[in-house]
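Written out below as structure tokens is the structure these notes cover.
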Amino acid sequence: VIGTSGKGIDFSANTNDESGGGSVVAELLDDYEEGTFTPGLGSTGSTSGQAYDGAGGVQTGTYTKIGNMVHIQGQVSTSTYGTLTTQVTIIGLPFTSDAATDAVIQIYHGAMVTGFAQVLGRIDEGLSQMSLVAFDSGDVNPTNLAPGHMNTGSNLRFSGTYQAAT
């Protein structure tokens with residue numbers, strides 16, 4: 001049943017299907033949205049001077065939000081890193097993450113990152129950016145990805161799901 005504006009789709013007529021130790025928290029789908037966003041590269045230090053135009057420069061992202069879950073995919077590359085310092089981040093995510101959860105996002109780096117086998121994005125609680133961490137084969141703990149680990153002109157592609165604050 002679709003109600004009036006602000007109500008959503010009510011699934012409460014469905015029997016509770018949870019199994020094990022779970023319990024139903026909500027049965028109303030009250031938000032669905034598709035859109036685009038413009039991701040960029042930032043850092044936990046300075047974040048000015050990046051150039052996304054010219055050879056190799058790309059900033060593109062799409063999202064689908066269902067309830068409070070946001071699926072994102074996109075790519076970022078620059079022709080110049082500017083004044084990025086310390087840990088590299090992807091900024092400009094479409095929604096702020098929930099204050100009680102964090103998420104790990106899969107990243108394909110191609111030839112953009114040197115010295116590491118895998119790069120992941122970590123969206124910490126209450127933020128609209130993801131911090132990049134890297135692993136080499138045999139690593140147990142990640143290394144914060146710094147600008148010195150990156151080459152210009154290659155795409156950093158990402159895809160994943162996180163929980164939005166609203």
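Residues: numbered from 1 along the sequence shown. The figures that follow rest on heavy atoms only: side chains count, while hydrogens, waters and symmetry mates do not.
Proximity of Val70 to Leu93: side-chain heavy atoms (C-beta onward) are nowhere separated by under 4.5 Å. Between Asp98 and Asn68, the closest side-chain pair of non-hydrogen atoms is not below 4.5 Å. Side-chain atoms of Gln106 and Leu120, non-hydrogen and from C-beta on, do get closer than 4.5 Å to each other. Contact of the Met150 side chain with the Val119 side chain is not registered, since no non-hydrogen atoms from C-beta on lie closer than 4.5 Å. Between Asn144 and Ser131, the closest side-chain pair of non-hydrogen atoms is not below 4.5 Å. In this structure, His71 and Ser159 have side chains that are in contact, with non-hydrogen atoms separated by less than 4.5 Å.
Between Phe37 and Phe158, the ring planes are tilted. Angles from 30° to 60° get that label.
Between the side chain of Gln87 and the backbone N or O of Leu132, at least one donor-acceptor pair lies under 3.5 Å. Side-chain atoms of Ser43 never come within 3.5 Å of backbone atoms of Thr86 as a donor-acceptor pair (strictly under, hydrogens ignored). At least one donor-acceptor pair under 3.5 Å links the side chain of Tyr162 to the backbone N or O of Phe95. Counting only distance, with no hydrogens or angles, the side chain of Thr36 and the backbone of Gly61 share no donor-acceptor pair below 3.5 Å. Distance alone, capped at 3.5 Å, places no donor-acceptor pair between the Thr60 side chain and the Gly74 backbone. Remark: the backbone N or O of Ile90 is not paired with any side-chain donor or acceptor of Gln129 at under 3.5 angstrom.
Residue Pro147 comes nearest to Val88 through the heavy atom pair N-CG2, 3.6 Å, listed as atom of the first residue, atom of the second, then distance. Summarising the geometry of Gly126 relative to Ser97, their closest heavy-atom pair is N-OG, 3.0 Å, with the distance given to 0.1 Å. Minimum interatomic distance between Leu145 and Ala134 (heavy atoms only, all atoms of both residues): CD1-CB, 4.0 Å. In this structure, Ile72 and Met130 approach most closely via the heavy-atom pair CD1-CE, 3.9 Å.
Taking CG of Leu41 as the start and OG1 of Thr89 as the end, the distance is 7.5 Å to the nearest 0.5 Å. Within the model, atoms CZ of Arg157 and CD1 of Ile107 stand 12.5 Å from one another, a figure rounded to the nearest 0.5 Å.
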*asked:* Quick one, Asp102 with Arg122, criterion salt bridge (Lys or Arg N to Asp or Glu O under 4.0 Å). Give me CA distance, side-chain angles, the key distance, then yes/no.
replied: CA-CA 7 Å; Asp102 56 359; Arg122 185 184 65 234; 5.7 Å; no
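Under a hydrophobic-cluster definition in which Ile, Leu, Val, Met, Phe, Trp and Tyr are linked whenever side-chain heavy atoms come within less than 4.5 Å, directly or via other members, Val133 and Ile91 are assigned to different clusters.
Between Tyr108 and Gln75, the side chains place no donor N or O within less than 3.5 Å of an acceptor N or O (distance only, hydrogens not considered).
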